[in-house]
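Sequential numbering from 1 along the given sequence is applied to the chain's residues. In each ligand, atom 1 is the first atom listed, and ligand 1 is the first ligand listed.
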Amino acid sequence: RSLEKKITPLNVLHVHGVPLLIPSKEMWDKIYNFQARPDDLIVATYPKSGTTWMQEILDMIQNDGDEEKYRQVATFDRHPVIEVAFPHKEKPDLEIALEIPSPRILKTHLPSHLIPPSIWKQNCKIIYVARNAKDCLVSYYHFHRMTSLLADPQSWEDFCEKFMSGKVAYGSWYDHVKGWWDAKDKHQILYLFYEDIKKNPKCEIYKVLDFLEKTLSEDIINKIIHHTSFEVMSKNPMTNQTAVPSNIFDHTISKFLRKGMPGDWKNYFTVAMNEKFDEHYEKKMAGATLPFCTEI
Ligand code: A3P
């Protein structure tokens with residue numbers, strides 16, 4: 001480890017007030033002008049909402065449940081993130097995306113109002129996964145601890161404040177989930193919840209199949225559920241992100257697939273913190289019809 005290059009956290013650029021991990025205005029212009037293809041499938045999330053999980057489910061669906069196909073390629077390397085240039089890769093993911101044959105699966109954490117317009121214009125299908133704020137916050141805190149891509153989270157209390165005020169990469173969780181919720185009525189967006197997938201993966205996989213206009217046998221669906229369970233994914237080196245260099249993700253600090261359990265926030269929130277969070281949440285989410293649950 002000591003011989004590995006030290007990585008400095010990614011630069012933050014404020015785009016329309018949203019802190020994004022983008023090194024320059026030029027890079028943002030390229031991202032915004034990204035040319036989508038009509039058969040691109042986009043996985044959109046606020047960070048730590050189950051992106052990797054959905055990516056794995058989609059790969060399995062696209063390949064009719066054949067997990068062998070991906071034995072050699074890590075999830076991280078299969079689906080370019082539209083807006084990120086990782087320091088350990090030779091080129092920005094945006095350029096890698098150009099070389100991938102259709103149908104592509106692309107990933108993004110951008111809020112809906114910053115999505116490259118070509119994605120809307122091409123009417124690409126988008127699957128958005130939302131996760132309750134409290135678990136998302138806990139997961140994001142641990143992710144900040146273990147990745148050199150993001151700045152040190154400081155204390156848990158400090159990080160809570162930053163999350164609540166939207167001063168973290170990709171900005172406000174509240175605006176993100178609401179923005180995409182509103183967008184779903186105007187575009188081809190399937191809006192799913194992390195907790196629902198955990199509670200009843202079969203039901204949510206059927207929704208995905210419907211949305212993709214695809215059918216699979218019950219046997220294959222059961223196979224997909226097994227292969228994408230937390231237990232299996234956390235042991236699979238292609239999905240647990242241990243293939244990412246350890247100077248980027250340090251799994252000795254915290255695992256990428258850490259708990260995978262709704263309700264883990266209860267181990268972190270004090271009573272006082274919870275009251276403050278709930279009060280702030282009510283204000284931020286006033287009028288929103290989003291049906292979140294914080295435990296199952
Ligand atoms: P925790 O830190 O709470 O464990 P993302 O992929 O968007 O970065 O999200 C990562 C979060 O999703 C982590 O949450 C991770 O454990 C969880 N996750 C990944 N795969 C999962 C699965 N198969 N089942 C449940 N949770 C999963």
Side-chain angles (χ1 to χ4, degrees), residues 21 42-61 67 70 74-84 86 105-111 127-147 149-150 153 156 159 163 168-170 173 176-177 180 192-205 208 222-244 248-251 253-269 292-296:
L21 300 172
I42 318 284
V43 184
T45 55
Y46 188 82
K48 312 320 289 175
S49 301
T51 333
T52 317
W53 192 9
M54 184 47 66
Q55 287 174 261
E56 199 58 22
I57 291 174
L58 292 176
D59 265 340
M60 289 289 285
I61 288 178
E67 81 257 31
Y70 288 121
T75 325
F76 212 73
D77 292 324
R78 280 183 233 150
H79 310 140
V81 190
I82 296 171
E83 70 278 5
V84 178
F86 291 101
I105 295 178
L106 304 170
K107 160 177 161 183
T108 185
H109 293 311
L110 289 171
I127 299 184
Y128 185 82
V129 185
R131 185 181 196 184
N132 82 78
K134 291 178 184 174
D135 282 325
C136 199
L137 159 57
V138 171
S139 184
Y140 213 4
Y141 167 69
H142 287 292
F143 186 54
H144 275 72
R145 291 175 55 236
M146 66 86 81
T147 182
L149 300 174
L150 298 168
W156 158 241
F159 190 75
F163 182 92
V168 288
Y170 295 104
W173 174 92
H176 209 281
V177 295
W180 278 99
L192 300 176
F193 294 90
Y194 177 100
E195 296 75 21
D196 290 344
I197 312 175
K198 188 84 194 183
K199 219 171 359 184
N200 191 343
K202 189 172 275 183
C203 172
E204 301 310 295
I205 289 176
V208 174
N222 286 335
K223 197 170 155 195
I224 294 176
I225 293 171
H226 172 75
H227 181 83
T228 60
S229 67
F230 184 82
E231 292 63 35
V232 173
M233 273 183 70
S234 52
K235 287 192 198 95
N236 175 354
M238 292 299 115
T239 55
N240 66 13
Q241 311 283 33
T242 50
V244 175
I248 303 275
F249 288 169
D250 188 343
H251 283 86
I253 298 178
S254 179
K255 303 248 180 281
F256 189 96
L257 266 78
R258 196 185 52 88
K259 277 266 177 77
M261 205 39 173
D264 185 39
W265 60 272
K266 291 184 186 165
N267 298 317
Y268 293 87
F269 280 62
F292 275 107
C293 65
T294 52
E295 56 193 303
I296 57 169

field: Proximity flag Thr228 to ligand 1, non-hydrogen atoms under 4.0 Å
entry: yes
Numbered atoms of ligand 1 (with element) below 4.0 Å of Ser229, judged on heavy atoms: 23 (N)
message: Taking Glu204 first and then Lys199, would you say they form a salt bridge - that is, a charged N and a carboxylate O separated by under 4.0 Å?
response: no
- request: May I ask you to identify the nearest protein heavy atom to atom 19 (C) of ligand 1, giving residue, atom name and distance to one decimal place in Å?
  value: Leu257 CG, 3.7 Å
field: Proximity flag Thr45 to ligand 1, non-hydrogen atoms under 4.0 Å
entry: no
message: Tell me which one of His142, Lys48, Met233 satisfies side chain to side chain contact (heavy atoms under 4.5 Å, CB included) with Phe256.
response: Lys48
- prompt: Relative to the ring of Phe159, is the ring of Tyr141 parallel (under 30°), tilted (30 to 60°) or perpendicular (over 60°)?
  reply: tilted
statement: shortest atom 25 (C) of ligand 1-to-protein heavy-atom contact is with Tyr194 OH, 3.3 Å
message: Please state which option from Met261, Arg258, His227 has its nearest heavy atom closest to atom 16 (O) of ligand 1.
response: Arg258
Ligand 1 to Met233 polar contact by distance, N or O atoms, under 3.5 Å: no
query: Would you say Arg131 touches ligand 1, if touching means a heavy atom closer than 4.0 Å?
result: yes
field: Nearest protein heavy atom with distance in Å, relative to atom 8 (O) of ligand 1
entry: Lys48 NZ, 2.9 Å
Polar proximity ligand 1 side, Trp53 side, N/O cut 3.5 Å exclusive: yes
- request: Answer yes or no: does an N/O atom from Gly260 fall short of 3.5 Å to an N/O atom of ligand 1?
  value: yes
message: Once you restrict to heavy atoms under 4.0 Å, what part of Lys255 touches ligand 1? Side chain, backbone, both or neither.
response: neither
field: Distance from atom 7 (O) of ligand 1 to nearest protein heavy atom, with residue and atom
entry: Thr51 OG1, 2.3 Å
- prompt: Which protein heavy atom lies closest to atom 2 (O) of ligand 1, and at what distance to 0.1 Å?
  reply: Ser139 OG, 2.7 Å
field: Cationic N near anionic O, under 4.0 Å, Asp264 to Arg258
entry: yes
message: Between Phe143 and Pro47, is there a side-chain heavy-atom distance shorter than 4.5 Å?
response: no
field: Residue-ligand contact His142/ligand 1, heavy atom below 4.0 Å
entry: no
query: Do Leu149 and Val84 come within less than 4.5 Å of each other through their side chains, counting heavy atoms only?
result: no
field: Protein heavy-atom partner closest to atom 15 (C) of ligand 1 - residue, atom, separation in Å
entry: Phe256 O, 3.7 Å
Residues Glu295, Glu195; criterion side chain to side chain contact (heavy atoms under 4.5 Å, CB included); working and verdict: CA-CA 8 Å; Glu295 56 193 303; Glu195 296 75 21; over 6 Å; no
task: Using ring-ring contact (aromatic ring centres under 6.0 Å, His included) as the criterion, point out the one residue from Trp156, Tyr140, Phe163 that pairs with Tyr268.
output: Trp156
- prompt: For ligand 1, which atoms, with element, lie under 4.0 Å from some heavy atom of Thr52?
  reply: 5 (P), 6 (O)
message: Can you confirm whether Ile105 sits close enough to Asp59 that some side-chain heavy atom of one is under 4.5 Å from a side-chain heavy atom of the other?
response: yes
With Ile225, the side chain to side chain contact (heavy atoms under 4.5 Å, CB included) member among Ile197, Ile205, Ile57, Asn200: Ile205
- prompt: Which atom names give the shortest non-hydrogen contact between Ser254 and Arg145, and what distance separates them?
  reply: CB-NH1, 3.9 Å
- prompt: Which of these, Thr108, Val177, Val43, Leu192, sits in a side chain to side chain contact (heavy atoms under 4.5 Å, CB included) with Tyr128?
  reply: Val177
message: Closer than 4.0 Å to some heavy atom of Lys259 - which atoms of ligand 1 meet that?
response: 1 (P), 4 (O)
- request: Check whether any N or O atom of Tyr46, backbone or side chain, sits under 3.5 Å from an N or O atom of ligand 1, and answer yes or no.
  value: no
